[in-house]
Amino acid sequence: MPKLSLVVPVYNVQGYLPECLDSILGQDCTDFEIIAVDDCSPDWSGAILDEYAKRDDRIHVIHLTENVGLGRARNAGLEMATGDYVLFLDSDDTLSDGALSAIRDRIEATGDPEILIFDYARTYWDGRVRPNLRADLLKEEGPDTFSLAERPQLLDLLQIVWNKAYRRDFVTRTGLTFPPGYYEDAPWTFCSLISTERIAVLDRVCVYYRQRREGGNILKTVSRKHFDVFDQYQRVFDYLDAHEELAKWRGPLFRKMVDHYLTVLERPGRLPHNARAEFFHRASADYRARLPKGFTRPGGGRGHKYGMLERDAYMTMVNATRVLRLRQKTVKKARQTLNRSKRRAMGVFYRSQLRRPIDENLAVFSAYWSRSVACNPAAIDGALASLAPQIRRVWAIRPDAVNRVPAGVDYVRLGSKEYWAAVARAKYLVNNVNFPDSVVKRPGQVHVQTHHGTPLKSMGLDQQNYPASTNMSFGALLKRCDRWDYSITSNRFSTAVWERVYPASFTALETGYPRNDALVNATADDVREARAELGLAQGSTAFLYMPTHREYQRAFVPRLDLERLAERLGPDVTLLVRGHYFYGNGSSRLAELQSAGRIMDVSDHPVVERLYLASDGLITDYSSAMFDYVNLDRPVVIFADDWETYSAVRGTYFDVLQEPPGAVATTQEELTEVLCTGAWNAEPAAKARERFRLRFCDFDDGRAAERVVRRVFLGEKTLPPVVPLQERRHVPTPAEALAMHRAEEPAAG
């Protein structure tokens, strides 16, 4: 049996769950088990648990068939625990390094206490760490173990279960379980502390308590569920009634009860406004019914509030808070004045447009900072034209890029009056990056964030750990993310990353990437036409070389000697070279090489999906192109000559050298050998590609754009189901497309 059992209830935390589990599994103390309870989570949390359990037999997963809430999920885990001590860890929190060793050592040093209390710290999205304000209560002074009577001030700690280790036989003996409802920690914590005679403390931060920017804390949700607090304290006092020997704790627990009731009343964002008087009267009734003989109120303003509860003087309480409300009103007015100033800076015209009604049949699209008509927004635009033609579609385009707008596309120049009118009045705003900070999100508008790739490199808040990769303001970034209503993803992996690195209250749409519909639905004719557009000879082999952007490289300089590589590959091979869009339209060196033949600069090609279809294989380093390209089930070769530098500067979510989509080369000589010997298309490469496809092609079945339009623009809740990967149609390779064409020629004649 393990020394420690960690019970981890899990619900809707796919973005944070891996970090939580990794923080446990990475401990230097290995004498533990994890009882993870999937509380019928609607996201991919349950699957994440199963994946971890396959890799580590210390993880035991319980999948509940219905959502029972935090308390009952903990009970389910508690029933399976076999360790000497039980700890509870919420699935968006993490353990500090060495926490379990410190807990184990302190337990042994203090002679196996019934409860060990340890410290915690709050962590925030911006990297701030705030210590527990009452950490002084955990000083390891005096006897190793003691009763609560010897240190009653421990009741003033935040009453939570996850900052303690409980001896399991003590839990069994006292019959402790978690009740349903909000504030379920109160009965467990108070009843356990007053029941034990042997408490020990550990003056060390063992848990990092995540303060989620996007919410997720039910206690900050406006709801009548906050009335559950009355049931929880009924359980506490029922426990006291059943244990006469604990009568001395009525006074201290009465004080904790009243303080808790006042906290619920005073904290904004908990009680509905029309329920406040009812809550006050119920709190007052509990006050009078449980008031201990000889109880002395606290002094000052707190004591006055106790008195108002005792007298059931709700209107007095209302009047007493009027000054506070006036102060809050003043702050709110100042904030509104500031917002008006910001809107004024946008211009008189934009303000006038913001006052006009929203056009329910107008959608504004943008892609890559308004550089082009492309990517996921363009695919959604196409589906919208078919499924909801009544909606007018307008693109925001930079003035220097209007010459690249396809014929027939309605557009407005970025910064023009037409642009400000469109973004002010459009019902829908669709972008694969963020709209400028100056764009105001109006009530009733719908912002769709499509993203433009599956993340291998660190994104969003994770870039805080790699300051050399960006100089962005993360606070401003999150304000932009707060405008999102929907976030589109192409795989479970991306869903979890986006939810964690962009902590905002958006809805994840696991529809697949609309831009990949063109790949999955492609026919042999599409493949042949794409090659013909580029002038590729029939029967020749074309490799698409797409390196990604590097923060430490100002311009696009191919990391390969392309001329030498082309010479080695021979006359039947063409290299299609596409530089990252951050570097502009190719390079002068590429222009020189192109004139020699067999090397073609396609950096300025408007539709990258056509390049994918035309090529026989992809050569890339860390570009998200690999995730899209494998939908074609064609070979991918990773050329990663600077992996250590790139991963150190930018940070990555997995090691592409260890989990590649195909063959791997780290030098030009290795790459040449891979391409010349056929290893790029051999069985080992195909097996690696299949593993990669299973992981990253979850939802790209060719109907992604349709799903987005039906959900976002048409309001449909039931969407076309995703076709499993193994059942999707095969997209012909260039060789297969040519063979099919030749087979059809006699019949056509």
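The chain is numbered in sequence order, starting from 1.
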So, [X] side chain and [Y] main chain: donor-acceptor pair closer than 3.5 Å or not?
| X | Y | result |
| --- | --- | --- |
| Arg578 | Leu544 | no |
| Arg393 | Tyr411 | no |
| Thr495 | Asn491 | yes |
| Glu418 | Arg413 | no |
| Arg693 | Val630 | yes |
| Asp641 | Thr667 | no |
| Thr677 | Glu673 | yes |
| Arg707 | Thr511 | yes |
| Ser615 | Tyr612 | yes |
| Gln445 | Val423 | yes |

Between the side chains of [X] and [Y], does any donor sit under 3.5 Å from an acceptor?
| X | Y | answer |
| --- | --- | --- |
| Thr718 | Arg710 | no |
| Thr548 | Tyr646 | no |
| Asp601 | Ser603 | yes |
| Gln538 | His741 | no |
| Glu670 | Thr666 | yes |
| Ser494 | His451 | no |

Stepwise, does the side-chain contact (heavy atoms from CB on, under 4.5 Å) test hold for Ile358 with Glu360? CA-CA 6 Å; Ile358 288 176; Glu360 299 290 330; 4.2 Å; yes
Heavy-atom distance under 4.5 Å between the side chains of [X] and [Y], does that happen here?
| X | Y | result |
| --- | --- | --- |
| Met626 | Met546 | no |
| Ser490 | Thr454 | yes |
| Asp561 | Gln668 | yes |
| Val405 | Trp395 | no |
| Leu429 | Val448 | no |
| Tyr513 | Thr489 | no |
| Val731 | Leu519 | no |
| Thr541 | Thr574 | no |

Drop me the distance from [X]'s [atom1] to [Y]'s [atom2], to the nearest 0.5 angstrom.
| X | Y | atom1 | atom2 | answer |
| --- | --- | --- | --- | --- |
| Ile397 | Leu414 | CD1 | CG | 9.0 Å |
| Arg564 | Leu569 | CZ | CG | 11.0 Å |
| Trp369 | Asn431 | CH2 | CG | 9.0 Å |
| Leu456 | Ser623 | CG | OG | 9.5 Å |
| Met740 | Thr733 | CE | OG1 | 10.0 Å |
| Asp616 | Trp680 | CG | CH2 | 5.5 Å |

Minimum heavy-atom distance [X]-[Y], with the two atoms named:
| X | Y | result |
| --- | --- | --- |
| Asp517 | Ala705 | OD2-N, 2.9 Å |
| Tyr466 | Ser458 | CD1-OG, 3.7 Å |
| Ala401 | Ser370 | CB-O, 4.4 Å |
| Ala522 | Pro732 | O-CD, 4.1 Å |
| Ile638 | Pro660 | CG1-CB, 4.3 Å |
| Asn432 | Ala367 | OD1-CA, 3.3 Å |

Tell me whether the centres of the aromatic rings in [X] and [Y] are closer together than 6.0 Å.
| X | Y | answer |
| --- | --- | --- |
| Phe692 | Phe627 | yes |
| Tyr428 | Phe713 | yes |
| Phe506 | Trp498 | no |

Ion pair check, [X] and [Y], cut-off under 4.0 Å:
| X | Y | answer |
| --- | --- | --- |
| Asp633 | Arg689 | yes |
| Glu706 | Arg703 | yes |
| Asp410 | Arg392 | yes |
| Glu510 | Arg492 | no |
| Asp359 | Arg425 | no |
| Asp400 | Arg398 | yes |

Listed by chain and number, what are the side chain to side chain contact (heavy atoms under 4.5 Å, CB included) partners of Arg695, not counting sequence neighbours? Phe493, Phe654, Glu659
Side chain to side chain contact (heavy atoms under 4.5 Å, CB included) partners of Leu477, counting only residues at least two apart: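 Applying side chain to side chain contact (heavy atoms under 4.5 Å, CB included) to Leu477 gives Asn434, Met472, Phe474, Arg480, Cys481, Tyr502.
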How are the rings of His447 and Phe435 set relative to one another: parallel (under 30°), tilted (30 to 60°) or perpendicular (over 60°)?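 The arrangement is perpendicular - the two ring planes meet at more than 60°.
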Going through the checks in order, is the side-chain contact (heavy atoms from CB on, under 4.5 Å) test met by Trp643 and Thr652? CA-CA 10 Å; Trp643 170 250; Thr652 58; 3.4 Å; yes
Side chains of residues 719-728: which donor-acceptor pairs under 3.5 Å do they make with residues two or more places apart or in other chains?
{"from": "Arg728", "atom 1": "NE", "to": "Val723", "atom 2": "O", "distance (Å)": "2.8"}
{"from": "Arg728", "atom 1": "NH1", "to": "Cys697", "atom 2": "O", "distance (Å)": "2.8"}
{"from": "Arg728", "atom 1": "NH1", "to": "Asp700", "atom 2": "O", "distance (Å)": "2.9"}
{"from": "Arg728", "atom 1": "NH2", "to": "Cys697", "atom 2": "O", "distance (Å)": "3.2"}
{"from": "Arg728", "atom 1": "NH2", "to": "Asp698", "atom 2": "O", "distance (Å)": "2.6"}
{"from": "Arg728", "atom 1": "NH2", "to": "Val723", "atom 2": "O", "distance (Å)": "3.0"}

Start with the C-alpha gap between Glu533 and Arg610, add the side-chain angles, then the distance that decides, and say whether salt bridge (Lys or Arg N to Asp or Glu O under 4.0 Å) holds. CA-CA 9 Å; Glu533 290 169 5; Arg610 301 293 285 177; 2.7 Å; yes
Full working for salt bridge (Lys or Arg N to Asp or Glu O under 4.0 Å) between Asp526 and Arg531: CA-CA 9 Å; Asp526 294 324; Arg531 288 178 66 86; over 6 Å; no
Does the side-chain contact (heavy atoms from CB on, under 4.5 Å) test come out yes or no for Arg515 and Val608, once each step is laid out? CA-CA 10 Å; Arg515 70 184 185 192; Val608 70; over 6 Å; no
Heavy-atom neighbours of Glu736 CD exceed 12 at 6.0 Å: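 Yes, the 6.0 Å shell around CD holds more than 12 heavy atoms from other groups.
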